[in-house]
There are 2 protein chains.
Amino acid sequence: MVAIRRDYDEASYLHAFWKNYPPEKRGRAPVGDQFPWIEVGEHALGSKVIDFLEGYQPRDVGLPTGPDQRYVVSSNDILGITNGITASAWLFIDIKSVGPRDDFSHTVMSHNQISGDGIWNSPAEGISNSILTATGKRTSHPFHCSIPPLYVLSDGTVAPVIMMAIKPVYKMLSLQEGIGESGQPLSKVSLITIPNGIPLTVSPNYLKQHPSLLFPGKDDKGKDPLKVRARISFELLSKIADWRVRTTTLA
Amino acid sequence: MVAIRRDYDEASYLHAFWKNYPPEKRGRAPVGDQFPWIEVGEHALGSKVIDFLEGYQPRDVGLPTGPDQRYVVSSNDILGITNGITASAWLFIDIKSVGPRDDFSHTVMSHNQISGDGIWNSPAEGISNSILTATGKRTSHPFHCSIPPLYVLSDGTVAPVIMMAIKPVYKMLSLQEGIGESGQPLSKVSLITIPNGIPLTVSPNYLKQHPSLLFPGKDDKGKDPLKVRARISFELLSKIADWRVRTTTLA
DNA sequence: ATCGCCTAATAGGCGAT
DNA sequence: ATCGCCTAATAGGCGAT
């Protein structure tokens with residue numbers, strides 16, 4: 001965590017090196033006091049994921065779609081946890097940065113970032129997933145999650161998908177030279193573990209128990225319904241199991 | 001290279017797992033026989049970059065803009081190469097995938113992927129770069145490279161920028177079940193080393209020696225001139241030094 | 001051969017109601 | 001409090017000339 005924070009906060013320190021070419025303000029009505037900080041989180045946190053996978057033989061196997069980070073991991077631990085079914089898993093991890101004005105207890109997931117039930121009627125058809133519903137208080141919409149619950153690799157490795165999100169939240173401070181916090185330093189990080197498609201939608205079917213676990217996302221209404229994102233509720237994830245939402249707030 | 005190829009080609013093998021949710025055809029007039037393969041290269045090759053940096057203490061320091069992969073590396077080797085000036089460098093690396101119909105001896109670089117001369121008149125102004133020209137045979141355009149030639153980190157580390165591109169080229173074969181190549185397997189990989197902003201534009205000023213080292217990019221004419229990309233010529237890079245373009249063709 | 005037309009996918013800030 | 005309006009940045013396939 002020390003190294004993460006150091007590398008994250010360095011981006012603000014380096015302001016003089018990018019201030020004349022900053023990422024442009026975007027979205028509906030930017031206030032103008034914020035810098036898009038997506039890459040800072042993806043790099044300072046994202047590239048450290050692999051450090052935690054020592055001993056798990058991480059392999060970044062090719063796939064044309066999916067989240068930021070993905071590693072096939074293998075270990076005897078996994079063989080134990082799965083009661084001998086498989087020694088591997090495919091860790092799917094996305095970094096989801098937000099600032100203080102967008103720090104709600106949810107995050108937005110694309111259809112390529114959630115696994116489903118994985119229906120496979122015939123080899124020729126390939127795998128598809130049942131369509132889910134993002135259930136809101138005022139409205140609802142279909143959610144076409146596109147990731148299978150597990151993959152079988154060419155070498156026979158059976159890799160169930162484990163979907164995680166890492167959510168750094170940054171502060172917005174004034175930029176000042178010299179010592180101490182300034183710019184957009186790291187404030188806290190949440191580690192979110194989202195149920196795999198089978199527990200999510202088949203058994204125990206968490207989505208049935210908690211229909212608004214997925215709720216309407218951030219896309220505009222004109223977006224292709226097949227690609228519409230959904231928000232996932234941290235409160236409901238915690239209710240399913242408290243370890244699914246872990247937050248570290250920095251001193 | 002064996003591991004890279006294996007992880008790259010696995011994407012085609014896994015076709016049944018993504019065929020119902022493929023990345024959509026895009027661009028001007030897609031023929032329809034190709035799958036966008038960007039992520040395959042970024043993962044199967046990109047995540048292996050760090051494996052080559054063992055012993056160089058790679059640090060993925062935060063920055064709001066820049067290329068795919070970036071690592072501050074440190075080693076006594078570097079201290080030797082730079083005649084004792086610094087023991088560090090900031091490796092900037094982009095993966096630039098193309099298929100057989102777009103396999104030309106150049107690649108397209110954004111303004112956030114080329115370093116410049118780094119003018120710094122006063123601390124308050126920050127660093128900026130002289131505007132370059134992408135010189136074509138029929139036309140030319142300004143290129144506002146945005147990366148400084150070097151960074152000075154908060155701990156005093158002086159890190160000159162080393163800009164590289166890794167260019168995987170895939171084949172387009174029919175998708176067939178079972179053994180052997182199918183889908184979009186890796187065909188060759190080029191490793192491109194682009195001069196840092198100082199040699200590029202100050203001394204020896206390669207761009208002056210070879211004005212069309214940078215030539216017009218792929219953006220439409222309406223694009224903000226500050227953000228317009230440029231192509232970089234592999235022929236001219238080779239002329240500067242043959243080690244700047246290294247290609248491995250797979251058997 | 002040159003160069004730029006053209007669009008998918010990602011992302012999250014922040015307003016409208 | 002809910003939800004969706006809104007836009008930057010990346011990327012490279014492939015046509016037009």
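By convention in this document, chain letters (A, B, ...) are assigned in the order of the sequence lines, proteins followed by strands, and residues within each chain are numbered from 1.
At least one cation-pi condition fails for A:K239 and A:F234: the charged atom is not both under 6.0 angstrom from the six-membered ring centre and inside a 45 degree cone around its axis.
Here CZ of A:F143 is found 11.5 Å from CG of A:L226. Values are rounded to the nearest 0.5 Å. Within the model, atoms OG of B:S212 and CD of B:E235 stand 9.5 Å from one another, a figure rounded to the nearest 0.5 Å. Here the straight-line distance linking atom CG of A:L236 with atom CG of A:L214 works out to 9.5 Å at 0.5 Å rounding. Going from atom CG of A:D94 over to atom CD of A:E42 covers 8.0 Å, rounded to the nearest 0.5 Å.
Read 5' to 3', the first and last nucleotides of DNA chain D with an atom closer than 4.0 Å to a heavy atom of chain A are D:dT2 to D:dA9.
Among the heavy atoms of the strands lying under 4.0 Å from B:Y170 are primed sugar atoms or P, OP1, OP2 only; no base atom is included. Note on B:T65: nothing from the nucleic acid sits closer than 4.0 angstrom, heavy atoms only. Here A:K218 lies in heavy-atom contact (under 4.0 Å) with a base. At a threshold of 4.0 angstrom between heavy atoms, the contacts of B:T107 with the nucleic acid are absent.
For residues 186-197 of chain B, every residue pair satisfying the salt bridge (Lys or Arg N to Asp or Glu O under 4.0 Å) rule, not counting sequence neighbours, is listed here: B:D103-B:K188.
Note on ring orientation: taking the six-membered ring where Trp is involved, the planes of A:F17 and B:Y151 are tilted (angle from 30° to 60°). The aromatic rings of B:F35 and B:H15 lie tilted to each other, with the angle between the two planes from 30° to 60°.
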Item checked: Step-by-step side chain to side chain donor-acceptor pair (under 3.5 Å) determination, B:S47 to A:D60 -> CA-CA 7 Å; B:S47 74; A:D60 196 351; 3.2 Å; yes
Note to self: What verdict does the side-chain contact (heavy atoms from CB on, under 4.5 Å) test give for A:L63 and B:E39, after you've listed the backbone C-alpha separation in whole Å, the side-chain angles of each residue and the deciding distance to 0.1 Å?
What the structure shows: CA-CA 7 Å; A:L63 269 185; B:E39 293 198 18; 6.0 Å; no
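Remark: B:G27, B:R28, B:A29, B:P30, B:V31 in residues 23-33 of chain B come within less than 4.0 Å of DNA chain D through at least one heavy atom. Taking a 4.0 Å limit (strictly below) on heavy-atom distances, residues 97-106 of chain B reaches DNA chain D at B:S97, B:V98, B:G99, B:R101, B:D102. Near-neighbour residues of DNA chain D inside residues 219-231 of chain A, defined by a heavy atom below 4.0 Å, number-ordered: A:D219, A:D220, A:K221, A:R231.
Residues A:R101 and A:M172 have side chains in contact (heavy-atom distance under 4.5 Å, counting atoms from C-beta outward).
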Item checked: Pair assignment for DNA chain C - dot-bracket with | for other-strand partners, Watson-Crick or G-U under 3.5 Å -> ||||||||.||||||||
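Here the closest non-hydrogen pair linking A:P149 and A:N196 is O-ND2, 2.9 Å. Shortest non-hydrogen contact noted between A:Q34 and A:W37 is NE2-N, 4.4 Å.
In this structure a side-chain-to-backbone donor-acceptor pair under 3.5 Å is missing from B:T133 to B:T135.
Here B:F215 and B:H106 bring their ring centres to under 6.0 angstrom of each other.
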